[in-house]
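These notes concern the structure reproduced below.
Quick caveat: nothing in here was measured; it's all calculated off a predicted structure. Here is how names work: the chains are called A, B, and so on, in the same order as the sequence lines, proteins then strands, and each is numbered from 1.
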Number of protein chains: 4
Amino acid sequence: MTTTNADSGRPRTRSSGGGGTRRRGKGSPALASERREHLVKLAAELFAEKGFQATTVRNIAEEAGILSGSLYHHFDSKESIVDEILTGFFEDIMASYRRVIEEGGDDPRATIAGLVRTAFGTLEPHRAAITVMQNDWNYLRGMERFAYLTKSEDEVEKMWVDTLKAGQEQGVFRLDLDPKLTYRMIRDTVWVAIRWFKPGGKLNAEGLAEHYLKVMFDGINLH
Amino acid sequence: MTTTNADSGRPRTRSSGGGGTRRRGKGSPALASERREHLVKLAAELFAEKGFQATTVRNIAEEAGILSGSLYHHFDSKESIVDEILTGFFEDIMASYRRVIEEGGDDPRATIAGLVRTAFGTLEPHRAAITVMQNDWNYLRGMERFAYLTKSEDEVEKMWVDTLKAGQEQGVFRLDLDPKLTYRMIRDTVWVAIRWFKPGGKLNAEGLAEHYLKVMFDGINLH
Amino acid sequence: MTTTNADSGRPRTRSSGGGGTRRRGKGSPALASERREHLVKLAAELFAEKGFQATTVRNIAEEAGILSGSLYHHFDSKESIVDEILTGFFEDIMASYRRVIEEGGDDPRATIAGLVRTAFGTLEPHRAAITVMQNDWNYLRGMERFAYLTKSEDEVEKMWVDTLKAGQEQGVFRLDLDPKLTYRMIRDTVWVAIRWFKPGGKLNAEGLAEHYLKVMFDGINLH
Amino acid sequence: MTTTNADSGRPRTRSSGGGGTRRRGKGSPALASERREHLVKLAAELFAEKGFQATTVRNIAEEAGILSGSLYHHFDSKESIVDEILTGFFEDIMASYRRVIEEGGDDPRATIAGLVRTAFGTLEPHRAAITVMQNDWNYLRGMERFAYLTKSEDEVEKMWVDTLKAGQEQGVFRLDLDPKLTYRMIRDTVWVAIRWFKPGGKLNAEGLAEHYLKVMFDGINLH
DNA sequence: GATGAATGAGTATTCATTCAT
DNA sequence: TATGAATGAATACTCATTCAT
């Protein structure tokens, strides 16, 4: 608790724009370790399955066929692994959202639909990260290290809320709803689906999205 | 080591109703010691705030102003505390649901509305239990001890799904929705609200329920 | 909590012989780390001196000059240490017994004498293991883990009883004795000597054996 | 460890000849608590079955249908219970031994036979105490409190060894045996039988004694 | 890059014992 | 006599992390 970790701060890797020097010193060959990325993937799988806290560094190492101590050649803490996972997810989804907003132009209904489809679309590729966010966020947010995620969250919220408000102004969305509240409900409904969504199932992410769009736009009532 | 623990299963106390043979002793006054109940409440608060795993037995004891070992005079494991919390929640909500179903009679729309209002209504009194369910269920379900919760879940699902189907047959709900899927989305949307719902806030549980009912029944579109 | 311990069963190391798939790693050099063996020896000494239960993991670690947690790098439980000790003892003595039986051929008197000498002969090299068996068996046998020892015991009993019966049939042993009972008395008399037998004493294991053989074969009476 | 127990010393109860004031103060009605004696018996049974260390004060209390703390109204420590058990055993057997020696007169063979029969005869009435001695003595002897048992042991040893020596001098026992060694072997063989001796079995204590006397006096050889 | 050994701080749990009621 | 609550010290075991080889 209250880790006095030399590591706390911002994520080192993946950080900068172009060709960030990956780790302290060494000056590894730019696009560096596939090994590293492989390890992150293994860890993500475990974090999603058992939860961040319940997953031990040994679990990850065993999965990779090495000893736990050896992991510290690639990462400097367990936290930095999950950081990498979450950062990847957030960078990706925010880029996607921005694209949707731009493309959506002045059509709020189309934009919201696009955002919903995008969100559902991340369920499969970012399954592990989303699961971690759902299950372990309450724990993770306790560490200053992950404060940046809250900031990203705020930016995302603004995108959705602005679109909802625009829709109300244009008369396409009901006026008796609180945009902020509505956004949260939509957001949570999408992400929480990670708990029972099965990638290979007959109801894929697209099907889910369409089903939800129907309910969200027109309700369950038969008009 | 070689735990001869007789605890696994259902909580001992809480006997009240039918045949709680207390152990050898007296036959104490049914109401499972206020002390115990107080401790459960403290623990629930902590579990909700920090998560089940991250909450140590010491945390709970300190909160109660006693030593950690002393907790074992009242409970025989950390698990049995959370068990008591969750059992209480499930017993309560299922009773409420059954009442709604009965009272709803043959009006699916009213019944669903009642279920939604009931669910939102538990947010405040069962805040801690619901938070634990949302955050720690992934971990907790790994233990056979909590298998019974899954069974309760199934029973609840049946109530909702049956009502949704009845509504479709009566022509009040759209036919192009999957009842199971719809149930899940409604359920998750309600519970997940625990993350940002603030008991004292201007938007109380009732307000939330009404807002959600609007969206759920008629969608966000302006018709 | 929810021990995902893969350890229960037989000791991992000691693989040597046949098919010890080590885990994922290399395939290390058969001889189960000298460090480990050294630790087992230290533990055995303590178990013998203070008893299994009264010996704490800290005691063992302190004796080894490390911290108690560090022991778990080598063993996964206190039980697995004592298991290793007892297994070593049983494997050794059973092999010796089998050799005596084979070499004894058709001479029951010689065979019994050989068995007695063998048994006394283990007093010194297996002092600790035998002491543990004498003092802690009542406790240890309560754990399924050590059920295999009972099986080995049965096999040993058969060797002795068969030999005693053969002797009776050949007319070298009295007919008015119960072979099983006689075996038990001999066995216990030998092992119980561990309580006062001092390795360096003037009465070494061989002397003890010869003394006992005299009494056992011809009694204390002067004929 | 190194109990700073106010209680250490000699057993208070059972001590004096006639009407010892049983416990500190109160001046209870002379032949006092049958309750107390009952509790000792329950405890003895548990100690025998599970071992002294593995038996918790709660175990004993539960067996008696009271709470663990209540036991301290009768005894001032777990040790004092086992003390009472062992003291009772030793007092009884030493009295019996003395009687045999006196009655044996100048016939060493008859005396030894009497001692052996006496020893086997205690197996049933003192089953629990003997079991405790066999299994837990190694632990118990570490406490100064039980030093007096060693003294009693020495006295007993002297009785046997003197008799054996007398027999050698009279020419009834072989000269080539070490009296002390022989005594120990006989003693241990008898007590250790407690491990497999079953009170109700077809081979009762008397049968065991006779069987052993045969082997002890004349050996297993057919002459 | 990896091993193998160790650290150090922590975790849930146990248990003999005390004591006010 | 007994209860019920608590103590305090110990116990086996866990785990992220470090580091010499």
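- Comparing D:Leu67 and A:Val57 by the nucleotide of DNA chain F that holds the closest heavy atom to each, the one mapping nearer the 5' end is D:Leu67.
- Counting heavy atoms from C-beta on, the side chains of C:Val132 and C:Trp137 never come closer than 4.5 Å.
- In this structure, the CG atom of D:Leu71 is 10 Å from the P atom of E:dT17, given to the nearest Å.
- A close approach under 4.0 Å does not occur between any side-chain nitrogen or oxygen of A:Tyr72 and OP1 or OP2 of F:dT18.
- Distance, C:Phe75 CZ to E:dG4 C1': 14 Å, rounded to whole Å.
- Between C:Lys78 atom NZ and E:dT14 atom C1' the separation is 13 Å, expressed in whole Å.
- The CD atom of A:Glu62 sits 12 Å away from the P atom of E:dT3 (whole-angstrom rounding).
- Contact annotation for C:Ile66: backbone-only contact, meaning every heavy-atom pair under 4.0 Å involves sugar-phosphate atoms and none involves a base.
- Both cation-pi conditions hold for A:Lys78 and A:Phe52: the charged atom is under 6.0 angstrom from the six-membered ring centre and inside a 45 degree cone around its axis.
- Whole-Å rounding puts the C:Gln53 CD to F:dA12 C1' distance at 13 Å.
- Using a 4.5 Å heavy-atom threshold, the side chains of A:Leu140 and A:Leu86 count as touching.
- For the pair D:Lys50 and C:Tyr139, the NZ or CZ position fails the cation-pi test of under 6.0 Å to the six-membered ring centre and within 45 degrees of the ring normal.
- Contact between the side-chain N/O atoms of D:Ser70 and the OP1/OP2 oxygens of F:dT3 is found at a separation under 4.0 Å.
- Summarising the geometry, the separation between NE2 on A:His73 and P on F:dT17 is reported as 16 Å, rounded to the nearest angstrom.
- Using a 4.5 Å cut-off on side-chain heavy atoms (C-beta onward), D:Arg36 and D:Glu84 make contact.
- B:Ile60 has its CD1 atom 18 Å from the P atom of E:dG10, to the nearest Å.
- Residue C:His74 forms a side-chain contact (heavy atoms from CB on, under 4.5 Å) with just one option from C:Ile81, C:Leu39, C:Val40, and that option is C:Leu39.
- Sequence order on DNA chain E of the closest nucleotides to D:Thr56 and B:Ser68 puts B:Ser68 first from the 5' end.
- Applying the 4.0 Å criterion to OP1 and OP2 of F:dA2, one finds that D:Arg35 has a side-chain N or O inside that range.
- Proximity of D:Ser77 to D:Arg145: side-chain heavy atoms (C-beta onward) are separated by under 4.5 Å at one or more points.
- Residue B:Gly69 is the one, among C:Arg58 and B:Gly69, whose nearest nucleotide of DNA chain F lies closer to the 5' end (criterion: closest heavy atom).
- Of the candidate nucleotides E:dT13, E:dA6, E:dT17, E:dA6 has the atom nearest to the side chain of C:His74.
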Could you provide the dot-bracket string of DNA chain F, using ( ) for intrastrand pairs, [ ] for crossing pairs and | for bases paired to another strand, with Watson-Crick or G-U pairs below 3.5 Å? .||||||||||||||||||||
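- Atom OH of A:Tyr139 and atom C1' of F:dA16 are 11 Å apart (whole Å).
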